[in-house]
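Inspection log for the structure reproduced underneath, given as structure tokens.
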Amino acid sequence: MPLALLALAIGAFGIGTTEFVIMGLLPEVASDFGVSIPTAGLLVTGYALGVVIGAPIMTVLGTKVPRKRMLMLLMGLFIAGNLLSAVAPSFAIMLLGRVIASLAHGAFFGIGSVVAAELVAPDKKAGAIAMMFTGLTVANVVGVPLGTLIGQSVGWRVTFGIVAGLGVVGLAGIAKLVPELPRPQGVRLRHELAAFKKAQVLLAMAMTVLGFGGVFAAITYIAPMMTHIAGFSDGSVTWLLVLFGLGMVGGNLVGGKFADRALMPMLYISLGALAVVLALFTLTAHNKVAAAVTIALIGALGFATVPPLQKRVLDQAHGAPTLASAVNIGAFNLGNALSAWLGGVVIAADFGYTSPNWVGAALAAAALLLAFLSAALERRDGTHGTVVAAGTPAERRTAVHH
């Protein structure tokens with residue numbers, strides 16, 4: 001495996017860290033700026049909406065310039081956004097910094113995976129893509145908890161400064177190690193957009209929004225929930241996030257393994273179990289051991305839905321998978337934004353810090369209902385999920401790792 005993949009993995013590590021670390025630092029950020037916890041939750045919503053907007057736009061713009069240069073530009077955006085967050089004099093400026101950083105997210109993973117696949121022999125493409133996405137999964141096990149610990153110990157601004165530094169390392173690595181690659185052929189935008197007229201594509205994306213949104217409804221407010229309800233100390237949030245990250249890694253592997261064998265049954269099981277576990281979290285949040293186990297389960301079940309949902313979109317958007325894949329990454333983050341906002345609404349309405357769990361359970365249950373509807377329409381139309389995703393093998397495999 002070429003060293004260039006390490007540079008891409010470092011970039012993925014930084015992006016994964018900055019996306020999720022804010023959840024462990026919400027109380028500190030809210031206190032420093034004098035805003036409420038629900039208001040601070042807008043930092044999660046703002047980032048997620050930035051990914052929703054940035055993923056398709058940056059992906060299309062990325063066809064106009066060489067891929068190496070585009071990756072460097074995206075890392076530049078990421079660095080600028082995190083630096084702005086680190087020095088923000090007001091909450092509004094920090095929110096702006098979060099949005100700027102988020103614009104790099106979707107396109108970096110989309111373009112980076114294509115580059116990774118081109119750097120190796122044909123029989124090693126999936127391994128190369130997996131190596132780049134290792135940065136994202138490791139971020140949730142190491143980067144996020146460590147960033148939370150640093151933020152709670154010496155200040156959240158230091159955390160964002162370090163993340164910006166990771167971006168500089170990633171940028172330097174891309175400049176030094178990634179070879180110059182030919183400019184990609186321009187996409188046929190009308191052909192790509194036509195995929196979004198298909199009901200099954202829209203249903204799959206709706207499942208993405210609602211299903212993964214259920215996870216973020218609870219996890220966005222994990223710090224105040226665990227300290228105020230379960231009785232954990234502020235420092236304990238760090239290892240709770242480690243449990244969540246380990247659950248994510250395990251769930252992603254299981255979801256990826258079974259998505260090719262029985263996609264829809266995998267969705268039924270993971271979405272149904274996720275809805276039940278989120279509902280139970282309103283009870284288990286009052287007990288330290290039970291809360292810790294539940295957090296790991298939420299991570300595992302939530303990320304078990306990611307490969308089948310992403311593959312479902314690619315299968316149904318046959319002939320135009322590139323833009324659909326980027327938009328679906330945005331759909332995950334639209335779910336994050338929606339659920340973080342709804343979680344803040346119920347907390348602000350004095351329903352308590354466990355109330356976002358009910359929001360998450362309802363969202364996951366709604367996604368399950370859409371999965372049943374999608375399968376019923378498929379049986380009616382006689383397709384039975386036999387559609388094969390178009391695009392290169394690398395493009396199809398990319399989904400399983402995000």
Side-chain angles (χ1 to χ4, degrees), residues 7-26 28-29 32 40-55 58 71-88 91 93-110 112 132-152 154-174 216 219-220 222-223 237-238 241-242 244-245 248 329-330 332-333 336-337 340 402:
L8 295 175
I10 291 171
F13 179 85
I15 291 174
T17 300
T18 205
E19 178 182 17
F20 291 103
V21 76
I22 188 64
M23 294 179 294
L25 298 175
L26 278 185
E28 286 75 17
V29 174
D32 275 8
L42 292 174
L43 295 172
V44 177
T45 303
Y47 185 96
L49 289 176
V51 177
V52 174
I53 296 169
M58 293 296 177
L71 287 171
M72 293 173 66
L73 290 171
L74 291 169
M75 287 312 299
L77 267 181
F78 172 80
I79 294 165
N82 281 285
L83 281 177
L84 186 58
S85 294
V87 301
F91 180 79
I93 297 299
M94 185 180 183
L95 182 58
L96 176 62
R98 292 282 292 166
V99 172
I100 291 173
S102 71
L103 295 176
H105 184 119
F108 182 87
F109 284 111
M132 186 195 79
F133 276 90
T134 296
L136 179 67
T137 57
V138 171
N140 288 285
V141 179
V142 178
V144 172
L146 188 58
T148 301
L149 179 63
I150 292 171
Q152 292 175 341
V154 295
W156 59 267
R157 294 181 186 275
V158 176
T159 296
F160 283 98
I162 291 173
V163 172
L166 286 172
V168 173
V169 174
L171 174 60
I174 292 169
F216 255 65
I219 298 302
T220 295
I222 187 172
V237 175
T238 299
L241 288 173
V242 170
F244 178 68
M248 287 168 55
I329 291 175
F332 281 110
N333 285 272
N336 299 350
H402 190 77

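All figures in this text were calculated on a predicted structure; none of them were measured in a lab. Computation of the quantities below employed the complete heavy-atom set of this structure, encompassing side-chain atoms and omitting hydrogens, waters and symmetry-equivalent molecules.
- Val138 pairs by the side chain to side chain contact (heavy atoms under 4.5 Å, CB included) definition with Phe13, Thr134, Val142, not counting sequence neighbours.
- For the side chain to side chain contact (heavy atoms under 4.5 Å, CB included) test, residues two or more places apart in sequence or in another chain that qualify with Leu84 are Ile93, Leu96, Ile100.
- Phe78 pairs by the ring pair (Phe, Tyr, Trp, His ring centres under 6.0 Å) definition with nothing, not counting sequence neighbours.
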- Task: List the steps, then state whether side chain to side chain contact (heavy atoms under 4.5 Å, CB included) holds for Phe109 with Ile15.
- Result: CA-CA 10 Å; Phe109 284 111; Ile15 291 174; 3.8 Å; yes
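- Closest approach of Leu25 to Gly147, counting heavy atoms only: CD1-O, 4.2 Å.
- Contact record, Thr238 with Thr148: OG1-CG2, 4.1 Å, taken as the closest heavy-atom pair.
- The CD1 atom of Ile219 sits 11.0 Å away from the CG atom of Asn336 when rounded to the nearest 0.5 Å.
- Contact check for Phe332 versus Phe216: no side-chain heavy atoms found under the 4.5 Å cut-off.
- Ser85 meets the side chain to side chain donor-acceptor pair (under 3.5 Å) test with no other residue; sequence neighbours excluded.
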- Message: Ile22 vs Met94, test: side chain to side chain contact (heavy atoms under 4.5 Å, CB included). Steps then yes/no.
- Response: CA-CA 11 Å; Ile22 188 64; Met94 185 180 183; 4.1 Å; yes
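- Atoms CE and CG, on Met58 and Leu77 in that order, are 5.0 Å from each other to the nearest 0.5 Å.
- One distance of note links CD1 of Ile162 with CG of Leu146; it measures 7.5 Å at 0.5 Å rounding.
- Contact record, Ala223 with Met23: CB-O, 3.7 Å, taken as the closest heavy-atom pair.
- Shown here for Thr220 and Ala340, the closest heavy-atom pair between the two residues is OG1-CB, 3.8 Å.
- Minimum heavy-atom separation, Pro145 to Ala139: CD-O, 4.2 Å.
- Counting all heavy atoms, side chain and backbone alike, Glu19 lies closest to Asn333 at OE2-OD1, 3.0 Å.
- By the side chain to side chain donor-acceptor pair (under 3.5 Å) test, Asn82 pairs with Thr18, sequence neighbours left out.
- Side chain of Arg157 to backbone of Ala88: a donor-acceptor contact under 3.5 angstrom is found.
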Listing, residues 46-55 side-chain donor-acceptor contacts under 3.5 Å, not counting sequence neighbours, or none:
residue : atom : partner : partner atom : Å
Tyr47   : OH   : His105  : ND1          : 3.1

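- Put simply, CZ on Phe108 and CG on Leu74 are 7.5 Å apart, with the number rounded to the nearest 0.5 Å.
- Residues passing the side chain to side chain contact (heavy atoms under 4.5 Å, CB included) test with Val169, sequence neighbours excluded: Ile10.
- Listed by chain and residue number, Leu246, Val249 satisfy the side chain to side chain contact (heavy atoms under 4.5 Å, CB included) test with Val141 (two or more places apart in sequence, or in another chain).
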- Message: Let's go through Leu43 and Phe91 carefully: what are the C-alpha distance in whole Å and the side-chain angles of both, what is the deciding distance for side chain to side chain contact (heavy atoms under 4.5 Å, CB included) to 0.1 Å, and is it a yes or a no?
- Response: CA-CA 9 Å; Leu43 295 172; Phe91 180 79; 3.7 Å; yes
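- A distance of 10.0 Å separates CD1 in Ile79 from CG in Leu166, rounded to the nearest 0.5 Å.
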